[in-house]
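Reminder, nothing fancy here: chain letters follow the sequence lines and each chain counts from 1.
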Amino acid sequence: MADTVTAQAVFDALLADDMTHIVGVPDNGTAEIFALAAAHEDVRLLTVTREGEALAVASGLWIGGKEPVVVIQNTGLLESGDSLRGTAFRMGAPLLLLVSVRGYAKMVSSDHQINIDRAAGQVAQTMKRAEIDSVALLTEPTLRAWNVPCVSCRIDADVSQIAATWAHARLAGHPAAILLPYTLQ
Amino acid sequence: MLSREEFLAPLARRRTEEVVVTTMSVVRPWSRHSDHNLDFASADSAMGHAADLALGIALACPERKVLCLNGDGSMLMSLGTLVTIVEAGVDNLIIFVVANQTYEITGNQPIPGAGSIDFVTIAKGAGFKRTFAFDRADEFDRQLDQILSAPGPTFVCVCVEPGSEDVISRGPGEEARYLQVSLADWSKQMRDVLTERDK
């Protein structure tokens, strides 16, 4: 089977981990998660106006005893840096972030060129190449720089990592991320 | 225009078991009035995210009033939150904007639109049905009981004189308990309090 993850499998894993709210900004990759949340009577869906806002709302929900999940695209992840750092992380809120990875396929298909640029010390050139969506290049390095552990969820079997990742976040007392390179089916 | 005391003292006198979220130049002045288990200082934290944090608490604790004492500069950084608040349908959230027209904490630089911006019109445009604007202390004091007791969401803009508050420094040098510990320690403690009381 090709690399795909079903939204239902992800949603069920989150429900099994006591998720109470989904807070975020939808995109094509995660639209099905938003649809499932909207239809579920025990999960409150909150669509917000920007991704940093999602992290702050979710942090407030967590203080109030809830178990929110933040669903955003990687572009929005970059936008939300100060909120992630100053709110969720400073508060020790173990938020789980589902991050759709825009540009992943282009990054994979341009792997050869990226390696050439890297070997030549021309990573800045890679960021400008028309065939590459630079946000994908920055996603994992940015999460590492921000000390947010992350795992990728490429096939349904990977969904089992959601529980382990969230458990680790709760134990450590800080956010963690699940990367979604493909559109949830 | 109100002094900071004329804004904070009437609120502190009436405050009972509400969550109070403060940020920026209001944090330390409020801490001189209040050292409550449900005070949350969104300080040494992210810029402009007090109102959305307060929304999260209000959603999580629908039986409890949540007051956010926001700055005008902070509100400008997340105007979209006003739309989210209305859309969320919370009736237990009151947003106070302390309109001193400056980024006081960083040295009183004027905010964009200083002297001309109309926050109440913006709030109304976002869908707030209950909005108030005050530039006189007696009027604020006279209407505050009703503001605090009626269902919201409610938006209140209060013209307050600029001051010279500095950033807080969490530790024993601060007056209130919630400023003496890390944001993480206080957040955990407050979560414990809210989950126990709101069960």
**Asked** Distance-only, no hydrogens or angles: does the B:Arg191 side chain make a donor-acceptor pair with backbone N or O of A:Lys66 under 3.5 Å?
**Response**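 Pair found, side chain donor or acceptor close to backbone of A:Lys66.
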**Prompt:** Can you check whether B:Gly80's main-chain N or O pairs, donor with acceptor, with A:Arg50's side chain at less than 3.5 Å?
**Reply:**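 No; zero donor-acceptor contacts below 3.5 Å.
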In Å, rounded to the nearest 0.5 Å, how long is the span from [atom1] of [X] to [atom2] of [Y]?
X: B:Leu183; Y: A:Thr87; atom1: CG; atom2: OG1; answer: 8.0 Å
X: A:Ser83; Y: B:Asp52; atom1: OG; atom2: CG; answer: 6.5 Å
X: A:Trp62; Y: B:Met190; atom1: CH2; atom2: CE; answer: 10.5 Å

Can you confirm whether more than 12 heavy atoms, excluding those of [X], are under 6.0 Å from its [atom1] atom?
X: B:Met47; atom1: CE; value: no
X: B:Asp91; atom1: CG; value: yes
X: A:Gln113; atom1: CD; value: yes

**Message:** Between A:Glu53 and B:Ser78, do the side chains contain a donor N or O and an acceptor N or O under 3.5 Å apart?
**Reply:**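 There is no such pair between these side chains.
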With a 4.5 angstrom heavy-atom cut-off, is it the side chain or the backbone of [X] that approaches chain B, or both, or neither?
X: A:Thr47; value: backbone
X: A:Arg90; value: both
X: A:Leu46; value: side chain

**Complete:** Heaviest contributor of heavy-atom pairs below 4.5 Å to chain A, chosen from B:Leu55, B:Val21, B:Leu59, B:Val19, is B:Leu59
Would [X] and [Y] show up in the same hydrophobic cluster when neighbours are defined by side-chain heavy atoms closer than 4.5 Å?
X: B:Leu148; Y: B:Phe128; value: yes
X: B:Leu82; Y: B:Phe132; value: yes
X: A:Leu98; Y: A:Leu36; value: yes
X: B:Leu179; Y: B:Trp30; value: yes
X: B:Val181; Y: A:Phe89; value: yes

**Fill in**
Heavy-atom closest pair (A:Gly60 atom, B:Ala60 atom, distance to 0.1 Å) is O-CB, 4.5 Å
**Request:** State, to 0.1 Å, how close A:Gly64 and B:Cys61 come at their nearest heavy-atom pair, and which atoms those are.
**Result:**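 Between these two residues, the closest heavy atoms are CA-SG, 3.9 Å.
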**Request:** With a 4.5 Å cut-off on heavy-atom pairs, point out which of A:Ile63, A:Val48, A:Val57 contacts chain B the most.
**Result:** A:Ile63
**Message:** Which one wins on heavy-atom pair count under 4.5 Å against chain B: A:Ala54, A:Gly92, A:Ala56?
**Reply:**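 Maximum pair count with chain B is reached by A:Ala56.
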**Asked** Can you find a heavy atom in the side chain of B:Leu53 that is under 4.5 Å from one in the side chain of A:Met91?
**Response**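 Answer yes - side chains close enough.
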